[in-house]
Amino acid sequence: MKIFKMPKAEPKTIQELMQRAAALAGLTLGEVAELAHVKVPKNFKREKGWTGQLIEFCLGASAGSKTQQDFAKLGIELKTIPIDEQGKPLETTYVCFAPLTNIAGIEWQTSSVKNKIQQVLWVPIDGRREVAPQDRCIATPFLWSPDIEQDNQLRSDWEELMEMIALGQIENITARHGQYLQLRPKAANGNALTEAVGKNGQVINTRPRGFYLRKEFTGEILQAFFNSDKSGY
DNA sequence: CAGTGATCATTT
DNA sequence: AAATGATCACTG
């Protein structure tokens, strides 16, 4: 049984990060919140990113809204993911904003999506709505990098979506496009607007969009890990 | 407004 | 019941 202690600084090595993460396994959000001296919301209607921020804090990620990975030095992105009793994801996973202008010449290999998910520290957490947030248990965190097949799956979807954007078809893209990577609105509300390319190449205003990993995709990642999990948790 | 962290809630 | 489209809080 590992005892979790709040970190004072950013982890300097992957080993240090993974040790901190491993120490969170089995704890409830309520227990972790107490260690962090914060209150657990009764629901997430008004604090949707609460869990992610808590885990960031617990692992020593530097706060702020940077476009880079959470642990840039280590090249690792942190993602909490809500799961059900079978370990299946309950929500899609937000990756990053989609560029809607000046996208000529942009490529998968250097894209924000590719960069963000090169190496992810997944922290699966019970996300069942029938369980009170304070009682939701943290499962075993694990490190993942896309294999060739997964990279190809995402690249294929990404190229399809980016081509539509480049051709001024942004308004025709729905969340139904993309088998593993989808494009959905990502904003504070429906009034938020940003520039994009219209049907005839003109500048139009549209709702900002973000890339999301479908549950089918993250579900396979989780399943692959749980099937080989030797942690005994 | 753009970006971080995501889940909510209406529609299908 | 599941997925899409909408939304919440906070920081530069």
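First the proteins, then the strands, lettered A, B, ... as listed; each starts at 1. Treat the numbers as computed from the prediction; the structure is a model and nothing was measured.
- The separation between A:L29 atom CG and B:dG5 atom C1' is 14 Å, rounded to whole Å.
- More than 12 heavy-atom neighbours from other residues, nucleotides or ligands sit within 6.0 angstrom of CD on A:E171.
- Atom CD of A:Q86 and atom P of C:dA1 are 14 Å apart (whole Å).
- Annotation: proximity of residues 36-51 of chain A to DNA chain C (heavy atom, distance under 4.0 Å) is found for A:K45, A:R46, A:K48, numbered in ascending order.
- Using a 4.0 Å cut-off between charged nitrogen and carboxylate oxygen, A:K114 and A:D151 count as a salt-bridge pair.
- Within 4.0 Å (heavy atoms only), A:R129 reaches at least one base atom of the nucleic acid.
- Among the atoms of the strands shown, only primed sugar atoms or phosphate atoms (P, OP1, OP2) are found under 4.0 Å from some heavy atom of A:E216.
- Note: OH (A:Y180) to P (C:dA3) measures 14 Å, nearest angstrom.
- Within 6.0 Å of atom CD in A:E107, 12 or fewer heavy atoms from other residues, nucleotides or ligands are found, so the atom counts as exposed in its surroundings.
- The side chain of A:K215 contributes no N or O atom lying less than 4.0 Å from OP1 or OP2 of B:dT7.
- The distance between atom CG of A:N115 and atom P of B:dT4, rounded to the nearest whole Å, is 11 Å.
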Evaluate the criterion side-chain contact (heavy atoms from CB on, under 4.5 Å) for residue pair A:F211 and A:M162; output intermediate values, then yes/no. CA-CA 11 Å; A:F211 286 111; A:M162 290 306 295; 3.9 Å; yes
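- Near DNA chain B, defined here as any heavy-atom distance below 4.0 Å, the residues from residues 185-197 of chain A are A:K186, A:L193, A:T194, listed numerically.
- A:K88 comes within 4.0 angstrom of nothing in the nucleic acid, heavy atoms only.
- In this structure, A:L183 places its CG atom 12 Å from C1' of C:dG5, rounding to the nearest Å.
- Of the possible polar contacts, none joining the A:N205 side chain to the A:L193 backbone as a donor-acceptor pair under 3.5 Å is found.
- Using modelled atom types and a 3.5 Å distance limit, the side chains of A:T51 and A:R136 yield no donor-acceptor pair.
- Within the 4.0 Å cut-off from OP1 or OP2 of C:dA9, not a single side-chain nitrogen or oxygen of A:Q53 is found.
- For B:dA6, one of the phosphate oxygens OP1 or OP2 lies less than 4.0 angstrom from a side-chain nitrogen or oxygen of A:T80.
- Atom P of nucleotide B:dA6 and atom CG of A:L54 are separated by 11 Å, given to the nearest angstrom.
- Remark: A:Y94 is not in phosphate contact with B:dG5, judged by side-chain N or O atoms under 4.0 Å from OP1 or OP2.
- A straight line from CG of A:L78 to P of B:dT4 spans 14 Å, rounded to a whole angstrom.
- As judged by a 4.0 angstrom heavy-atom cut-off over every strand, A:Y212 is placed among the base-contacting residues.
- Under the salt bridge (charged side-chain N to carboxylate O under 4.0 Å, His left out) criterion, A:E220 pairs with no residue at all, not counting sequence neighbours.
- A donor-acceptor contact shorter than 3.5 Å is absent between the side chain of A:E31 and the backbone of A:L27.
- Using a 4.0 Å heavy-atom criterion, one finds that A:T174 contacts the sugar-phosphate atoms exclusively.
- Between A:R184 and C:dT7 there is no side-chain polar atom (N or O) within less than 4.0 angstrom of OP1 or OP2.
- Classified by interplanar angle (parallel below 30°, tilted 30° to 60°, perpendicular above 60°), the ring pair A:F217/A:W144 is perpendicular.
- The interatomic distance linking A:K79 (NZ) with B:dT4 (P) rounds to 8 Å, in whole Å.
- Partner A:W122 forms a side chain to side chain contact (heavy atoms under 4.5 Å, CB included) with one of A:I83, A:T93, A:L78 and no other, that one being A:T93.
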